[in-house]
S.K.: 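Submitted below is the structure of interest, expressed as structure tokens.
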Amino acid sequence: MITLSMIWGTSYILIKKGLEGFTPIQLGAIRAVLSTFFLFVVGFKSMRTISKKEWFWVGVSGVIGSFIPMFLFAFAETEIDSSIASILNSLVPLFTLFIGLFAFGIGFTRNQLLGVFIGLIGAAFLIFFGTTVNPDQNYWYAGFVIVATICYACNANIIKSKLQNVSPMGIAVGNFAVIFIPGLIVLLFSGFMDAKVVTGSHFFSSLGYIAILCIISTCVAKIMFNRLVQISTAVFSVSVTYLIPIVGIFWGLMDGERFTLWQFMAALVILLGVYMVNKKKTPQRASLSNKN
């Protein structure tokens with residue numbers, strides 16, 4: 001989970017850098033196409049682990065858990081800082097709990113629910129303090145991130161409930177096999193090869209950032225996340241989103257974004273939420289006397 005938080009926490013600054021040379025539509029489409037190529041190279045044979053009846057859920061997982069969020073985060077970061085986008089991603093565990101309960105019948109403990117709310121309080125404080133530091137940002141674009149977190153929550157529950165028998169690599173490769181054609185179509189009609197884009201001063205640097213984003217933050221992290229969901233609970237796996245803001249804020253700070261002591265305190269509250277979500281319930285002692 002810590003490794004995933006480091007990888008995904010870095011992805012927001014990579015998106016920000018990628019947007020210097022491309023539009024949100026172009027960036028999302030490039031991610032879909034390049035990630036498919038990389039995954040096919042290392043794991044094409046893994047798709048054999050997917051049965052005919054599981055292909056439907058693999059496709060749904062690919063669209064909801066990868067394709068749509070790629071574009072949503074790109075649009076969001078045209079108006080809000082990368083660190084704010086990483087903070088808003090902390091909403092995922094809350095949505096995972098309730099979607100798991102109402103759509104998939106997956107229960108949760110009182111500690112998990114309490115931990116999620118503590119983490120959300122920390123995230124709310126981070127957002128609040130962020131608005132005071134950056135009052136000119138358009139927070140309506142934060143709605144794109146919120147929709148993306150709902151997509152991630154749905155995907156975590158789908159993998160846990162429907163794809164337990166598919167290898168993590170198989171899920172990842174299958175996801176992108178499904179979204180490759182839509183991504184390619186979007187890319188071809190996005191103006192990616194227009195002279196104005198190709199000759200832009202940030203074309204090659206942005207393409208390099210996106211390539212890193214695809215290989216590490218999309219391909220490697222996707223496989224790791226799928227495995228994490230399978231060996232734990234859906235809520236535990238998405239608790240990685242509580243640690244992502246800390247990494248995201250660090251990179252934002254390195255890139256000139258402002259960060260205050262109050263935001264650091266809020267990050268500690270988020271860590272408390274992680275602890276509560278993952279704390280095992282202590283079994284109660286059995287009664288030594290029997291009632292007649």
Side-chain angles (χ1 to χ4, degrees), residues 3-42 65-89 134 137 141-142 144-145 148 152 172 175-176 179-180 182-184 186-225 240-241 243-259:
T3 304
L4 270 176
S5 69
M6 295 292 291
I7 293 173
W8 274 338
T10 305
S11 66
Y12 301 96
I13 193 67
L14 293 174
I15 292 172
K16 179 180 178 180
K17 294 299 183 181
L19 288 170
E20 292 177 351
F22 300 102
T23 67
I25 293 292
Q26 291 167 348
L27 189 150
I30 294 171
R31 285 185 68 183
V33 173
L34 283 184
S35 297
T36 303
F37 281 123
F38 292 137
L39 284 170
F40 271 33
V41 169
V42 299
S66 297
F67 192 69
I68 295 175
M70 286 178 179
F71 294 96
L72 292 175
F73 275 102
F75 274 108
E77 289 196 39
T78 59
E79 290 291 338
I80 63 176
D81 283 342
S82 61
S83 57
I84 298 301
S86 67
I87 291 166
L88 291 173
N89 202 48
N134 303 295
Q137 292 183 352
Y141 277 71
F144 288 117
V145 180
Y152 285 150
N175 286 163
F176 282 86
I179 69 175
F180 173 72
L184 184 60
V186 173
L187 183 62
L188 293 175
F189 288 94
S190 67
F192 169 70
M193 294 306 296
D194 289 354
K196 184 179 179 180
V197 176
V198 176
T199 59
S201 59
H202 295 286
F203 178 82
F204 289 105
S205 61
S206 292
L207 193 59
Y209 285 121
I210 296 173
I212 297 173
L213 180 66
C214 292
I215 297 173
I216 305 299
S217 300
T218 301
C219 299
V220 175
K222 186 78 172 176
I223 297 167
M224 292 176 64
F225 176 74
V240 66
T241 58
L243 300 175
I244 286 174
I246 299 173
V247 181
I249 290 172
F250 168 78
W251 285 116
L253 188 64
M254 296 296 291
D255 196 53
E257 298 176 7
R258 297 182 62 188
F259 181 65

S.K.: Which pair of non-hydrogen atoms, one from L34 and one from C214, has the smallest distance, and what is that distance?
M.R.: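 The pair with the smallest heavy-atom distance is CB-SG, 3.7 Å.
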S.K.: Please report the closest heavy-atom contact between I179 and S66, naming both atoms and the distance.
M.R.: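 Result for this residue pair: CD1-CB, 4.2 Å.
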S.K.: Please assess V145 against I80 for the test side chain to side chain contact (heavy atoms under 4.5 Å, CB included), listing each intermediate value before the final yes or no.
M.R.: CA-CA 10 Å; V145 180; I80 63 176; 4.2 Å; yes
S.K.: Taking the side chain as every heavy atom from C-beta outward, state whether T199 and F203 have any pair of such atoms under 4.5 Å apart.
M.R.: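 SC-SC contact between T199 and F203 ruled out.
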S.K.: Aromatic ring centroids of F73 and Y12 under 6.0 Å?
M.R.: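 Aromatic pair counts; centres sit under 6.0 Å.
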S.K.: Is F67 close to P182 at the side-chain level, that is, under 4.5 Å between some pair of heavy atoms?
M.R.: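 Answer yes - side chains close enough.
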S.K.: Answer yes or no: does atom OH of Y209 have more than 12 heavy-atom neighbours from other residues, nucleotides or ligands under 6.0 Å?
M.R.: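 Count not over threshold, so no.
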S.K.: Is there side-chain contact between M254 and I13, with at least one heavy-atom pair below 4.5 Å?
M.R.: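 No, their side chains stay 4.5 Å or more apart.
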S.K.: With a 4.5 Å limit on heavy-atom distance, are the side chains of L39 and K222 in contact?
M.R.: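 When only atoms from C-beta onward are counted, K222 and L39 do not touch, as no gap falls below 4.5 Å.
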S.K.: Minimum heavy-atom separation for L207 and F22, please, with both atom names.
M.R.: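 Reported closest heavy-atom pair: N-CE1, 3.7 Å.
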S.K.: Between atom CG of L27 and atom CG of L19, what is the distance when rounded to the nearest 0.5 Å?
M.R.: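 If I round to the nearest 0.5 Å, the distance is 5.0 Å.
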S.K.: Would you please test I25 and F75 for side chain to side chain contact (heavy atoms under 4.5 Å, CB included) and show each step?
M.R.: CA-CA 8 Å; I25 293 292; F75 274 108; 3.7 Å; yes
S.K.: Apply side chain to side chain contact (heavy atoms under 4.5 Å, CB included) to residues L14 and I216 and explain how you reach the verdict.
M.R.: CA-CA 11 Å; L14 293 174; I216 305 299; over 6 Å; no
S.K.: Filter on salt bridge (Lys or Arg N to Asp or Glu O under 4.0 Å), then keep only pairs touching residues 20-31, sequence neighbours left out; what's left?
M.R.: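 Qualifying pairs: K17-E20.
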S.K.: Roughly how far, to the nearest 0.5 Å, is the CD1 atom of I30 from the CE atom of M70?
M.R.: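 So the gap between those two atoms works out to 11.5 Å.
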S.K.: Before you tell me yes or no, could you show the steps for F37 and F176 under ring-ring contact (aromatic ring centres under 6.0 Å, His included), namely the whole-Å CA-CA distance, both residues' side-chain angles and the distance that decides it to 0.1 Å?
M.R.: CA-CA 9 Å; F37 281 123; F176 282 86; over 10 Å; no
S.K.: Are D255 and S82 packed together at the side-chain level, in the sense that at least one heavy-atom pair is separated by less than 4.5 angstrom?
M.R.: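 No, too far: nothing below the 4.5 Å cut-off.
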S.K.: For S206 and G21, work out which heavy atoms get closest and say how close.
M.R.: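 Looking at all heavy atoms of both residues, the closest pair is OG-N, 3.0 Å.
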S.K.: Side chains of F71 and V186: closer than 4.5 Å at any heavy-atom pair?
M.R.: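 In short, these two side chains touch, coming nearer than 4.5 Å.
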S.K.: Which value, rounded to the nearest 0.5 Å, describes the distance between N175 atom CG and T36 atom OG1?
M.R.: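 Rounded to the nearest 0.5 Å, the CG-OG1 separation comes out at 9.5 Å.
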S.K.: Measuring from F192:CZ to D194:CG, what's the distance to the nearest 0.5 Å?
M.R.: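 Here the interatomic distance stands at 10.5 Å.
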S.K.: Measure the spacing between OG of S83 and CD of E77 and express it to the nearest 0.5 Å.
M.R.: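 Answer for the OG-CD pair, S83 versus E77, is 9.0 Å.
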S.K.: Between atom OG of S190 and atom CG of L184, what is the distance when rounded to the nearest 0.5 Å?
M.R.: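 If I round to the nearest 0.5 Å, the distance is 10.0 Å.
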S.K.: Between T218 and F38, is a side chain to side chain contact (heavy atoms under 4.5 Å, CB included) present by the stated rule, with each step listed?
M.R.: CA-CA 10 Å; T218 301; F38 292 137; over 6 Å; no
S.K.: Could you pull out the closest heavy-atom pair between L4 and A221, with the gap in Å?
M.R.: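 That would be CD2-O, 3.5 Å.
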S.K.: Taking all atoms of both residues into account, what is the closest heavy-atom pair of I244 and S86, and its distance?
M.R.: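 Minimum heavy-atom separation between I244 and S86: CG2-CB, 3.9 Å.
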